[in-house]
Amino acid sequence: MSHDLKSHLAELMRAALLSVAPTESATSIHIERPKQAAHGDFSCNLAMQLARSIKRNPRQLAQLLVSELPYSVLVDTAEVAGAGFINFRVSAAAKLEVVRSILEQGDAFGRSTAGDRRKVLVEFVSANPTGPLHVGHGRGAAYGDSLCKLLDFAGWDVTSEYYVNDAGRQMDILAVSTWLRYLDLCSPGAEHLPFPANAYQGDYVRDMARQLFAAHAGRYLRPTASICDGLAGLPDGARTDAAAAQQREAHLDSLIVKARHLLGEEWTYLHDFVLTEQLADCRGDLEESGVHFDIWFSEQSLFSIGLVARCVERLEKSGHLYVQDGARWFRSTAFGDEKDRVVQRDNGLYTYFASDIAYHLNKYERGFQRIINVWGADHHGYIPRVRGAISALGLDPELLEVALVQFAVLYRSGWKAQMSTRSGDFVTLRTLREDVGNDACRFFYVLRKSDQHLEFDLDLAKSESNDNPVYYIQYAHARVCSLLGLWGGEQKTLTAAQLELLDSPHQLALAARLGGFPEVVETAASELAPHLIAFYLKDLAAEFHSYYNAERILVDEPALQCARVALAAAVRQVIHNGMAILGVSCPESM
RNA sequence: GCCUCCAUAGCUCAGUGGAUAGAGCACUUCCCUCCUAAGGAAGGGGUCGCAGGUUCGAUUCCUGCUGGGGGCGCCA
């Protein structure tokens with residue numbers, strides 16, 4: 001309704017503009033909601049925009065525009081204020097009508113057709129399946145999922161996708177880490193290989209080793225001597241220099257080569273086992289968080305179908321590649337990147353970048369009108385080369401949008417918690433959800449603008465969870481549910497309420513706030529900013545609580561009672577719709 | 001060094017071309033014989049990091065500076 005009000009006012013202003021200054025008919029007309037109630041329900045700054053080109057005093061111009069404004073039953077007053085604003089007051093009836101719309105449209109209120117059911121792909125989380133998701137991943141998950149729901153609400157045909165990095169070195173490291181733990185279990189007490197500091201340290205690795213041992217006993221056991229034979233050496237444990245680090249990585253790589261060689265076919269089983277385990281854990285975790293993916297896309301599949309090789313070939317043919325130092329490079333500097341990038345190493349293996357080019361080619365070939373990557377902010381330097389590769393393949397790089405999500409930093413007892421999967425020192429998303437609860441967790445994650453660092457104070461969230469704004473909003477919802485229960489009537493009858501009886505400032509303010517929901521959805525969707533929904537809901541809940549304390553809703557007079565219950569029910573509905581976008585539940589009682 | 005995000009109340013953060021810059025927490029007072037007090041009402045608290053520029057108008061846009069997070073691999 002308010003949507004209609006806004007465009008209605010824009011049309012009135014357009015008519016006035018044509019009459020006052022026909023030569024300026026191309027000027028865009030902005031109708032906004034003033035921050036202060038004293039400035040009316042809507043305002044327009046057209047006179048100030050025009051003042052310069054027409055060379056007239058903005059206030060006089062505004063006065064002229066007002067006098068040329070066509071009559072409308074919806075508008076009570078239009079007056080000039082400030083430096084040349086035109087402030088509108090719309091009739092109470094026009095404002096209140098939104099209550100009926102909300103009750104009639106229910107869960108669909110606020111939905112728009114802006115997206116025109118065009119296909120959009122949203123890829124997010126895509127964490128390596130090398131360990132449990134931690135609180136950093138949680139933010140990407142909450143943001144991405146809310147973004148999907150938001151875009152769906154705004155009329156897009158959304159597909160959510162998780163890119164599974166199941167083909168890289170990290171997976172090999174995880175497999176070999178598990179194998180080493182397993183070897184210890186096979187021969188307890190015996191002298192065993194030292195567990196490398198740069199292998200995966202987490203307890204979940206030991207858990208997988210135990211499972212492996214329980215199911216297969218000594219099947220993957222190989223003599224220690226055969227493993228050690230020809231292994232790259234380790235530097236002194238105390239050394240922290242770059243050369244030592246490089247040596248440690250080389251040691252790990254030679255362990256992987258050794259494991260492959262000694263285990264043969266069984267290495268594949270081991271590799272698949274750890275992948276399946278971690279993916280299942282990750283998937284379960286996300287499902288419990290209410291985060292759903294339509295597609296789990298395997299990086300390995302890109303190699304299997306030969307798309308990576310074909311992609312590189314295609315770039316080769318179009319002259320975007322060259323060979324140097326034995327490696328094959330993509331000339332990304334031709335597309336604005338700061339340096340060229342390797343796509344194929346001197347040992348013949350493709351880099352992660354090569355498979356990512358193939359992945360993006362595949363995304364384009366699936367026919368999306370819009371492709372959104374939700375990436376951690378640490379990937380920002382990666383954007384130019386991907387865009388470059390897309391351009392080099394003759395595709396439109398503008399189709400790809402990258403939404404960068406800044407880090408979530410977790411504070412425990414006033415100390416910043418580390419977040420490294422390899423070192424095993426991290427707080428898992430699962431732990432966080434168990435401590436804080438899923439609703440508070442998801443709400444907290446989207447309560448910050450995504451390009452803003454998020455400070456997640458675990459102790460505060462745990463100890464003072466009652467202060468969490470999520471409860472404030474849920475409480476408003478529960479209060480209405482309680483009212484509806486006490487009222488006891490048939491909700492369908494509320495659409496027939498005499499809304500004009502709602503004439504107090506509190507009620508009109510609430511109606512105006514409710515009317516703003518579709519605009520908030522629209523803005524949030526176009527800016528990929530679900531946090532705007534969260535802030536809107538806080539404001540709506542505040543307005544409702546204030547009203548609830550100031551006026552009685554279940555009054556004796558039947559018509560008035562019906563109108564007030566209808567308003568409360570509309571508040572409940574909009575909170576419900578907004579929370580659904582955020583993936584947060586709305587309990588009926590608290 | 002280069003790239004990028006950021007700097008707004010004591011703290012955590014909204015607002016991003018408009019009129020007197022907002023919220024929560026914390027602090028000071030009030031309000032349950034009354035529809036859930038996980039609530040409400042009132043109050044104090046700010047040179048919107050600094051300096052220029054564009055504009056009728058800048059916390060918002062541009063440039064520089066200062067301070068902070070992150071990134072700059074033939075890792076993924």
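Both backbone and side-chain heavy atoms feed into the values below; hydrogens, waters and symmetry mates do not. Lettering of chains follows the sequences in order, A, B, ..., and the numbering in each one begins at 1.
Only the C1' atoms considered, rG22(B) is 24 Å distant from rC30(B), to the nearest whole Å. For rG45(B) and rC35(B), the C1' atoms lie 36 Å apart once the distance is rounded to whole Å. Between the C1' atoms of rA14(B) and rC48(B), the separation comes to 13 Å (whole Å). The P atoms of rG46(B) and rU8(B) are separated by 15 Å, rounded to the nearest whole Å. Rounded to a whole angstrom, the distance from the P atom of rU59(B) to that of rU4(B) is 25 Å. Taking atom P in both rA19(B) and rU28(B), the straight-line distance is 33 Å, to the nearest Å. rG39(B) and rG17(B) have their C1' atoms separated by 38 Å, given to the nearest Å. The separation of rG43(B) from rG49(B), taken at their C1' atoms, amounts to 29 Å, rounded to a whole angstrom.
The separation between Arg385(A) atom CZ and rA76(B) atom C1' is 11 Å, rounded to whole Å. Atom CG in Leu404(A) sits roughly 11 Å away from atom P in rU4(B) (whole-Å rounding). Between Phe456(A) atom CZ and rC13(B) atom P there is a gap of 12 Å when expressed in whole angstrom units. For the pair His380(A) NE2 and rA76(B) P, the computed distance is 20 Å after rounding to whole Å. Between the P atom of rA23(B) and the CZ atom of Phe444(A) lies a distance of 20 Å, rounded to the nearest Å. As rounded to whole Å, 11 Å separates atom P of rG70(B) from atom CG of Asp378(A). Rounded to whole Å, atom P of rC74(B) lies 11 Å from atom OH of Tyr322(A). The interatomic distance linking Arg387(A) (CZ) with rC3(B) (C1') rounds to 15 Å, in whole Å.
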Salt bridge (charged side-chain N to carboxylate O under 4.0 Å, His left out) between Glu527(A) and Lys449(A), worked out = CA-CA 11 Å; Glu527(A) 289 179 15; Lys449(A) 212 163 32 174; over 6 Å; no
Might you work through the side-chain hydrogen bond (donor to acceptor under 3.5 Å, both in side chains) test for Glu161(A) and Tyr359(A), ending with a clear yes or no?
-> CA-CA 12 Å; Glu161(A) 183 160 294; Tyr359(A) 179 39; 2.6 Å; yes
Candidate pair Phe124(A) and Tyr162(A), rule ring pair (Phe, Tyr, Trp, His ring centres under 6.0 Å), full reasoning = CA-CA 6 Å; Phe124(A) 60 106; Tyr162(A) 187 119; 8.2 Å; no
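With a 3.5 Å ceiling on both atom-pair distances, the Watson-Crick or G-U wobble partner of rU66(B) is rA7(B). Base pairing of rG57(B): no nucleotide in any strand meets the Watson-Crick or G-U wobble criterion (both distances under 3.5 Å). rG22(B) is paired with rC13(B) under the Watson-Crick or G-U wobble criterion, all donor-acceptor distances under 3.5 Å. Base pairing annotation: rC72(B) forms a Watson-Crick or G-U wobble pair with rG1(B), both donor-acceptor distances under 3.5 Å. Within the shown strands, nothing qualifies as a pairing partner of rG45(B) under the Watson-Crick or G-U definition with both distances less than 3.5 Å.
Ion pair Glu588(A)/Arg572(A) not flagged as a salt bridge, since none of the NZ, NE, NH1 or NH2 atoms sits closer than 4.0 Å to an Asp/Glu carboxylate oxygen. Ionic pairing of Arg513(A) and Asp539(A) is present here: one or more N-O contacts between side-chain nitrogen and carboxylate oxygen are shorter than 4.0 angstrom. By the 4.0 Å N-to-carboxylate-O rule, Glu32(A) lies too far from Lys6(A) to be salt-bridged with it.
Each of His506(A) and Gly168(A) has a nearest nucleotide on RNA chain B; the 5'-most of these lies closest to His506(A). Residue whose closest nucleotide on RNA chain B sits further toward the 5' end, between Ser589(A) and Arg341(A): Ser589(A).
Base engagement by Ala327(A) is indicated by at least one non-hydrogen atom pair under 4.0 Å involving a base atom. Within 4.0 Å of Glu543(A), counting heavy atoms only, lies no atom of the nucleic acid at all.
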Per-nucleotide protein contact string for nucleotides 14-21 of chain B (B base, S sugar-phosphate only, - none; heavy atom under 4.0 Å) | SSB-BBB-
Please enumerate all protein N or O atoms sitting under 3.5 Å from an N or O of nucleotides 28-35 of chain B, with distances to 0.1 Å.
residue, atom, partner, partner atom, Å
rC34(B), O2', Arg552(A), NH1, 3.1
rC35(B), O2, Leu554(A), N, 3.0
rC35(B), N3, Ile553(A), N, 2.9
rC35(B), N4, Tyr548(A), O, 2.6
rC35(B), N4, Glu551(A), O, 2.5

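A donor-acceptor pair shorter than 3.5 Å cannot be found between the side chains of Glu490(A) and Thr493(A).
Base orientation for rC65(B): anti, the chi torsion being more than 90° from 0.
Between Phe297(A) and Tyr163(A), the angle of the ring planes lies from 30° to 60°, which puts this pair in the tilted group.
When each of rC74(B), rG71(B), rC5(B) is scored by its nearest atom to the side-chain atoms of Lys339(A), the top-ranked nucleotide is rC74(B). For His545(A), whose side chain is taken as the heavy atoms from C-beta onward, the closest listed nucleotide among rA76(B), rG70(B), rG40(B) is rG40(B).
With sequence neighbours left out, the salt bridge (Lys or Arg N to Asp or Glu O under 4.0 Å) criterion links Glu277(A) to no other residue. For Arg387(A), the salt bridge (Lys or Arg N to Asp or Glu O under 4.0 Å) test picks out no residue, with sequence neighbours left out. Listed by chain and residue number, Phe330(A), Asp337(A), Asp340(A), Arg341(A), Arg385(A) satisfy the side-chain contact (heavy atoms from CB on, under 4.5 Å) test with Ser332(A) (two or more places apart in sequence, or in another chain).
A cation-pi contact links Arg479(A) to Tyr548(A), judged by a cut-off of 6.0 Å to the six-membered ring centre and 45° from its axis.
Within residues 346-355 of chain A, the residues having any heavy atom closer than 4.0 Å to RNA chain B are, in order of number, Asp346(A), Tyr352(A).
Annotation: His531(A) is not in aromatic contact with Tyr143(A) [ring centroid separation under 6.0 Å not met].
The side chain of Arg345(A) places an N or O atom within less than 4.0 Å of a non-bridging phosphate oxygen (OP1 or OP2) of rC75(B).
Within a 6.0 Å sphere centred on CD of Glu401(A), heavy atoms belonging to other residues, nucleotides or ligands number more than 12.
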